[in-house]
Enquirer: 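Attaching a single structure in structure tokens format; questions to follow.
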Amino acid sequence: MRDELRAALSAHAVLCLRQPAALDHDGLRAVAEIFGPIKDPVGRTKDGGMLRYSEELQIVDAGFVLTDELRAQLGDLSFGGLDAQRPGLFETFHTDDSYVERPALVTVLHARELPRNGGGPTCFLDMRAAYRTLEPPVQRRILGLWARNRYNNGGAFPPRVAAQGPYEALVDVALPIVRAHPVTGAPALYLDLDRATSIEGMEEAEARELLRFLQEHAERTAPMYAHRWQDHDVVVWDNAAVQHRASGDFAVGEPRNFWRFMIEGPEPLAYHE
């Protein structure tokens, strides 16, 4: 079963594993480990140290409403979401863990509590198709290019909001814009405008124009799947093949809570024809 599920994920990039009831910690961990070792979220810092930027099991509370009192306590802390009331809601297409040297290859998300009145699907973009549908001259232009990423990208791509906080201590990283899938070897666009700042060897303005063009191309042309959650679903996706975003079309104050494990991945490699 493990090999079949891994092969299905490599082929389809997104899987839904329907569950009859909520999983406990060990149950979800066992499901996640089908796809590889659980990632220990620790990264290198600019001063040569190591920093834990998450626990292994992450609680994702996209429905959490930020009060004025909490806002005053948190100060400039920002996770990067566009919704000022619900800071855990990420409504821009992105790829997980793209501000560290070895981003998680797979994300495993388990629904714990969903909006009572519906809404809140998670949408996925096929970034393999996004690369394939680029004009050949554009494909040739971007092969071998590496984007510079950091936790706080300084608001490089408005209206996306930059994340701020202690994880800014993590080292900047370079990630290939055309990534070779570590299992299949197939190419895919691999970028995250929530984290990208520039492209190595390119003027900043030109680099940002190119990155924005590639993202807009993907959102305009790539096949999209909107997963409409059911109670207890476990959705698994391949960060080397898809981008994802949450949808905020549910009432403010309603819950949208998940448990998440990430699966270890190798350092991303550039695709070469």
Side-chain angles (χ1 to χ4, degrees), residues 36-62 64 66 69-84 86-109 145-177 179 190-202 204 207-208 211 215 239-240 243-246 258-270:
I38 301 293
K39 179 171 183 176
D40 187 21
V42 175
R44 289 194 307 124
T45 58
K46 298 179 178 74
D47 63 4
M50 301 297 291
L51 175 65
R52 175 169 296 282
Y53 58 93
S54 178
E55 298 302 319
E56 285 188 351
L57 177 64
Q58 301 158 357
I59 309 302
V60 180
D61 187 354
F64 169 73
L66 185 64
E69 181 180 5
L70 277 174
R71 198 186 311 274
Q73 293 175 10
L74 294 173
D76 292 334
L77 183 67
S78 168
F79 298 107
L82 289 175
D83 191 314
R86 297 178 289 186
L89 182 64
F90 289 87
E91 295 183 89
T92 53
F93 277 107
H94 63 283
T95 183
D96 283 340
D97 218 27
S98 61
Y99 52 91
V100 295
E101 294 165 295
R102 294 169 62 97
L105 181 58
V106 174
T107 298
V108 180
L109 196 64
L145 295 182
W146 293 69
R148 300 295 303 181
N149 281 22
R150 63 169 64 112
Y151 180 76
N152 179 353
N153 72 350
F157 295 96
R160 293 176 183 240
V161 178
Q164 300 178 58
Y167 305 148
E168 294 179 55
L170 292 165
V171 295
D172 295 357
V173 297
L175 299 175
I177 292 174
R179 181 178 182 177
Y190 187 63
L191 62 153
D192 183 353
L193 300 196
D194 289 335
R195 310 295 182 185
T197 62
S198 60
I199 297 173
E200 292 187 338
M202 190 177 293
E204 182 179 279
R208 292 183 179 181
L211 289 167
Q215 183 65 42
N239 286 299
Q243 289 184 349
H244 66 282
R245 67 170 176 85
F258 300 88
W259 285 0
R260 183 173 78 169
F261 279 116
M262 295 192 295
I263 305 302
E264 288 182 3
E267 290 189 23
L269 298 178

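In this chain, numbering begins with 1 at the start of the sequence shown. Small disclaimer: the values here were computed from a predicted structure and weren't measured.
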Enquirer: So, taking the atom named CG in Asn152 and the one named CG in Asp172, what distance separates them when rounded to the nearest 0.5 Å?
Expert: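 The CG atom of Asn152 sits 10.0 Å away from the CG atom of Asp172.
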Enquirer: For a 4.5 angstrom cut-off between non-hydrogen side-chain atoms, does Arg52 reach Asp40?
Expert: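 Touching, per the 4.5 Å side-chain cut-off.
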Enquirer: Please report the shortest heavy-atom distance between Arg208 and Phe157, naming the atom on each side.
Expert: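 Scanning both residues completely, I find the closest heavy atoms to be O-CE2, 3.4 Å.
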Enquirer: Donor-acceptor pair, Thr95 side chain versus Asn239 backbone, under 3.5 Å?
Expert: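 Yes.
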Enquirer: Distance-only, no hydrogens or angles: does the Lys46 side chain make a donor-acceptor pair with backbone N or O of Glu168 under 3.5 Å?
Expert: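 Side chain of Lys46 to backbone of Glu168, a donor-acceptor pair under 3.5 Å: yes, one is there.
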Enquirer: Find the distance between CD1 (Ile263) and NZ (Lys39) and round it off to the nearest 0.5 Å.
Expert: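 Those atoms lie 11.0 Å apart.
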Enquirer: Using a 3.5 Å distance criterion without hydrogens, assess whether the side chain of Asp97 forms a donor-acceptor pair with backbone atoms of Ala104.
Expert: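 Yes.
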Enquirer: Out of curiosity, Ile38 CD1 to Glu264 CD, how far, rounded to the nearest 0.5 Å?
Expert: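 The CD1 atom of Ile38 sits 9.0 Å away from the CD atom of Glu264.
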Enquirer: For Phe261, enumerate each residue passing the ring-ring contact (aromatic ring centres under 6.0 Å, His included) test, keeping only those at least two apart in sequence or located in another chain.
Expert: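 Scan of Phe261 (ring-ring contact (aromatic ring centres under 6.0 Å, His included), adjacent residues dropped) gives His25.
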Enquirer: If you look at every heavy atom in Pro268 and Trp146, which pair is closest and at what distance?
Expert: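 Reported closest heavy-atom pair: O-CH2, 3.9 Å.
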Enquirer: Side chains of Thr92 and Val161: does their closest heavy-atom pair fall under 4.5 Å?
Expert: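 No - every pair of side-chain heavy atoms lies 4.5 Å or more apart.
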Enquirer: Walk me through whether Ile59 and Trp259 qualify under side chain to side chain contact (heavy atoms under 4.5 Å, CB included).
Expert: CA-CA 5 Å; Ile59 309 302; Trp259 285 0; 3.3 Å; yes
Enquirer: CG/Leu191 to CD1/Ile199 distance, rounded to the nearest 0.5 angstrom?
Expert: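 One gets 9.0 Å once the value is rounded to the nearest 0.5 Å.
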Enquirer: Report the residues that fulfil salt bridge (Lys or Arg N to Asp or Glu O under 4.0 Å) with Arg44, sequence neighbours left out, ordered by chain and then residue number.
Expert: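 With sequence neighbours excluded, Arg44 shows a salt bridge (Lys or Arg N to Asp or Glu O under 4.0 Å) to Glu101, given in chain and number order.
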Enquirer: May I ask you to decide if Arg160's main-chain N or O and Asp194's side chain share a donor-acceptor pair within less than 3.5 Å?
Expert: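 Such a contact is absent between Asp194 side chain and Arg160 backbone.
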Enquirer: Report yes if some heavy atom in the side chain of Pro41 is under 4.5 Å from a heavy atom in the side chain of Gln58; otherwise report no.
Expert: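 Yes, close enough: below the 4.5 Å cut-off.
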Enquirer: Could you tell me which non-hydrogen atom of Thr197 sits nearest to which non-hydrogen atom of Glu204, and how far apart they are?
Expert: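 Taking Thr197 first and Glu204 second, the nearest heavy atoms are O-CG, 4.4 Å.
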Enquirer: Using the test side chain to side chain contact (heavy atoms under 4.5 Å, CB included), find all partners of Arg245 that sit at least two apart in sequence or belong to another chain.
Expert: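 Partners of Arg245 under the side chain to side chain contact (heavy atoms under 4.5 Å, CB included) test: Phe93, Cys123, Ser247.
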Enquirer: Parallel, tilted or perpendicular: which describes the rings of Tyr99 and Tyr53, with under 30° parallel and over 60° perpendicular?
Expert: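 Rings of Tyr99 and Tyr53: perpendicular, as their planes differ by over 60°.
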Enquirer: Within the 4.5 Å heavy-atom criterion, are His94 and Gln243 side-chain neighbours or not?
Expert: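 No, too far: nothing below the 4.5 Å cut-off.
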Enquirer: Within the side chain of Ser198, is there an N or O that forms a donor-acceptor pair under 3.5 Å with the backbone of Arg148?
Expert: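 Not confirmed, Ser198 side chain does not pair with Arg148 backbone.
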Enquirer: State the CG-CG distance between Leu175 and Leu269, to the nearest 0.5 angstrom.
Expert: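 So the CG of Leu175 and the CG of Leu269 are separated by 11.0 Å.
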Enquirer: With the side chain counted from C-beta on, respond yes when Arg195 and Tyr151 share a heavy-atom pair under 4.5 Å apart, and no when they do not.
Expert: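 Contact flag for Arg195/Tyr151 side chains = yes.
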Enquirer: Please give me the minimum heavy-atom distance between Leu105 and Ala240, naming the atom from each residue.
Expert: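 Heavy-atom minimum between the residues: CD1-CB, 3.8 Å.
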Enquirer: So which heavy atom on Val173 is nearest to which on Ser98, and how close?
Expert: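 Taking every non-hydrogen atom into account, CG2-O, 4.0 Å.
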Enquirer: Taking Arg150 for the side chain and Val171 for the main chain, is one N or O donor matched with an acceptor at less than 3.5 Å?
Expert: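 Side chain of Arg150 to backbone of Val171: no pair is present.
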Enquirer: Between Asn153 and Ala196 (side chain of the first, backbone of the second, donor and acceptor by atom type, cut-off under 3.5 Å), is there such a pair?
Expert: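 The answer is yes, because a donor-acceptor pair under 3.5 Å joins these two groups.
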Enquirer: Would a distance-only check, ignoring hydrogens and angles, find a side-chain to backbone donor-acceptor pair under 3.5 Å from Arg260 to Val108?
Expert: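 A pair under 3.5 Å: no.
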